[in-house]
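This report concerns only the one structure given below.
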Amino acid sequence: MPVFIAGFPQLLRFKRTVKTSIFIPTQHHQALHRKDITFAVQRQPTNFKEASEFYISLIKECIASKSIAQVRKIQLHMMGCGFPHLSLGNKLIDAFLKCGGVADARVLFDELPQRHIVVWNSMIAGYVRHNMGEEAIHLYKRMHFEGVFPDDFTLSSVFKVFSDLGLVSEGRQTHGHAVVLGLGASNAFVGSALVDMYAKFGKMRDSRLVADRVVEKDVVLFTALIVGYGQHGEDGEALEVFGSMIKQGVKANDYTFSSVLVSCGNLEDICVGKVVHGLTIKSGFESAIASQTSALTMYSKCGLIDESLRAFELMVTPNLVSWTSLIVGLVHNSRQEIALSKFRQMICSSVTPNSFTLSAALVACSSLAMLDQGKQIHNIIMKLGLDQQKFIGAALVDLYGKCGCVEFARLAYDSLFEIDVVPVNAMMYAYAQSGFGLEALELFYSMKDKGLEPNDVTLVSILSACNNSRFVDEGRRIFSSLRSNQNIKLTQEHYACMVDLLGRAGRLQEAEMLINEVESPDVILWRILLSACRIHGDLAVANRIINRVLELSPRDEGTLVLSSNIYASTGNWAQVLEMKTSMRDARLKKSPAMSWVDIDSTFHTFKAGDWSHPRSKEIKEMLEELSVKVKHLGYVPDTRFILQDLDENEKERSLCYHSERLAIAFSLWRTYQKTTCIRVYKNLRVCGDCHTWIKLVSKVIAREIIARDAKRFHHFKDGFCSCGDYW
DNA sequence: ATAGGGTTAG
């Protein structure tokens, strides 16, 4: 008969120094291994009670150190010593489950000659914790079959399975069973499981009904309800629940605060947000990481990005989610460059980004069209094996589309694992921006076959595609067929596309009628129509609109600039002066035209006639070289595009030094030996004369030039542009 | 003896 009782004092002393495995003695007087909790055998067994107490304390240690191996060793030891280990079966099962050994637990479970309700509950809860809902349900059914009635413990686990697996009718049915058993809302555990389940099903009314029926509501139940409201966009309701919870004297904890702060952020309610944040600190959850993270998000959603940065600085050890929230917040507040530098810092502090972080970083790159940096992030994504993730896939399509790399966008699109409407929209928009109208239409019409419903963004994308490819009738047809679609809420953006489409095609009247359909139309719509008037030289309509718009908003910068340009292009210098005076009076400054190129991840920006770049000499030489060559191809400067009252010579010289030309010349100088394409970005539209000039330059240098202006991409190649001179 | 709620996205 083996000896099995150990000396507890030694055991405790040794386990304090280490926390790893249990060494099983083969002899009665074994050496004590430094790195093991050891069965130091000192005396003969006394009784069963003492032995089981000993094993129970060992099992407790195992749970704390989360080691399956140790639990197995205890089990073996019990068997080796002839201790009836099944008498501690529920303890062992629990220990296995808490250390991740679900299979071991199940073996023991099946071996038990009779199973107490507690064992069933432990096993079911274990399956739920390990995301093995199917098994949990299976066991739950078998339990009935064996005549064991579920209790409140069982039910709270089972409701969680239904909510995890989205089994609505099963959940309802079991709720019914619970009521029959008298456990409907008997305690806060069952109650919060039900509240959470209905909330996850999106059935907030049912969730609320259950919550109201629970007599002894606790903080978990309230939090589940608050989260439910928050996740279904009912943040106001969430705050009300929080208020009534406080009123009832239930103390909020870090879980509650983080959820409530999220709701404040969603409501962009900085006043309540600040109060709740103060309360969080007062309640002692100042350094609870999730609450801190939610506070950070709340500030960034309210536009207080500095406050958000400060919240981040206060974190001692920011985790992945905190870093991600910070980066997301920065991107949403147009601080893309800081966002990317934080992203780099995060990687340096060895926090591995996940798909949330990476998609935010991609958005940062795509909104500034930073192709090189975007590609670097794409590399990280490949290394982490996250390229199949759906949000990442969509963000990649978006990135390459926004950088004008239609082929890459298509590659990313084709390698998507599952298609939903977002990447289709992104791909369509990529086509739209580069003027591939037919491809965009093809994608649009293929949505039906894929079972995808178009949404608001789809409509913007396809209308932009039609707009940029001058598909007037097609655009009109799509607009009228989708304008009454339940799924689509028409915004001014949709009208803007249509007004531009019609206006540029010369249907000024139709465009104006469309604007009049809009309830309180934005100035932007009128501005678009104005610029159509300018293209078609309709000064009469233009005058009417200018007066109307300036009556509505006399200080609108865009309108004043555009009007001044219209008057300048028709030689009405007196009116130009009037517009400029209005601008000066309103203290408005025209935002200067600017172009930039990204060379080796460094931006070089240029303004017209600006020679402050350290390589100005080379740029000038390059421009002169190009000037000679393009003149050979028949280039004649078109000074109609100069909207200043200058003489012809001055106008010509002014054209030569438009910002996009400086940028192209610089890029060409830096990459002279290469054959890759030149990419240039401009904040405003490319003028007609530069457009002609760039077409010719692309022929002279036999390289593709991709230019993104405020509205679209122009792919210049061999003397032609993808926009077909319509933009 | 066994149980419940949270922070980040295209």
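Throughout, a chain's letter reflects where its sequence line sits, starting with A, and its residues are numbered from 1.
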Could you tell me whether Gln389(A) contacts a base, only the sugar-phosphate backbone, or nothing, with contacts defined as non-hydrogen atoms closer than 4.0 Å?
base
When we call it a touch if two heavy atoms are under 4.0 Å apart, what does Lys60(A) touch: a base, just sugar-phosphate, or nothing?
nothing
Touch check for Ala188(A), heavy atoms < 4.0 angstrom, all strands: base, sugar-phosphate only, or nothing?
base
Would you kindly give the CZ-to-C1' distance between Phe222(A) and dG6(B), to the nearest whole Å?
17 Å
Looking at Ser258(A) and dG6(B), is any side-chain donor or acceptor paired with a base atom of the opposite kind under 3.5 Å?
yes
Taking any heavy-atom pair under 4.0 Å as a contact, classify Ser156(A): base, sugar-phosphate, or nothing.
base
Check: Thr223(A) side chain, dG5(B) base, donor-acceptor under 3.5 Å:
yes
Rounded to whole Å, the CG-P distance (Leu320(A) to dT7(B)) equals 14 Å
Inspect the contact between Asp398(A) and Lys402(A) and indicate whether a charged nitrogen and a carboxylate oxygen are less than 4.0 angstrom apart.
yes
Are Gln292(A) and dT8(B) close enough that a side-chain N or O sits under 4.0 Å from OP1 or OP2?
no
Answer with base, sugar-phosphate or nothing: what part of the nucleic acid does Val363(A) contact at a heavy-atom distance below 4.0 Å?
sugar-phosphate
Separation of atom NZ in Lys160(A) from atom P in dT2(B), rounded to whole Å:
19 Å
Return the value, rounded to whole Å, for the distance between atom OH of Tyr299(A) and atom P of dT8(B).
16 Å
In this structure, is the centre-to-centre distance between the rings of His277(A) and Tyr299(A) below 6.0 Å?
yes
For Arg129(A), answer base if it contacts any base atom (sugar-phosphate contacts may also be present), sugar-phosphate if it contacts only those atoms, and nothing otherwise; contact means non-hydrogen atoms under 4.0 Å.
sugar-phosphate
Are any non-hydrogen side-chain atoms of Ile93(A) and Leu112(A) less than 4.5 angstrom apart?
yes
So, does Lys200(A) get its side chain near the phosphate of dG6(B), meaning an N or O under 4.0 Å from OP1 or OP2?
yes
Determine the contact category for Thr293(A): base if any of its heavy atoms lies under 4.0 Å from a base atom, sugar-phosphate if only primed atoms, P, OP1 or OP2 are that close, otherwise nothing.
base
NA contact type, Val328(A), heavy-atom cut-off 4.0 Å: base, sugar-phosphate, or nothing?
sugar-phosphate
Tell me: CG of Leu384(A) to P of dA9(B), nearest whole Å?
19 Å
Mind checking if Thr256(A) touches a base, just sugar-phosphate, or nothing, with heavy atoms under 4.0 Å?
base
Kindly assign one of parallel, tilted or perpendicular to the pair Tyr400(A) and Phe408(A), based on the angle between their ring planes and the thresholds 30° and 60°.
perpendicular
Scan Asn425(A) against the nucleic acid and name what it touches under 4.0 Å (heavy atoms): base, sugar-phosphate only, or nothing.
nothing
Using a 4.0 Å heavy-atom cut-off, does Ser355(A) contact any base of the nucleic acid, only the sugar-phosphate backbone, or nothing at all?
base
Is there a donor on the side chain of Asp218(A) or the base of dG4(B) sitting less than 3.5 Å from an acceptor on the other?
yes
Interatomic distance, Leu194(A) CG vs dG4(B) P [rounded to whole Å]
14 Å
When all nucleic acid strands are considered with a 4.0 Å heavy-atom cut-off, which category describes Val422(A): base, sugar-phosphate, or nothing?
base
Any Trp120(A) side-chain heavy atom under 4.5 Å of Phe109(A) side chain
yes
Counting the benzene-type ring for Trp, do Tyr55(A) and His85(A) have ring centres under 6.0 Å apart?
no
Classify Lys301(A) by what it touches in the nucleic acid, base, sugar-phosphate, or nothing, heavy-atom distance under 4.0 Å.
nothing
Check the distance between dG10(B)'s P and Met428(A)'s CE and give it to me in whole angstrom.
19 Å
Taking CG from Asn187(A) and C1' from dT2(B), how many angstroms apart are they, rounded to a whole number?
13 Å
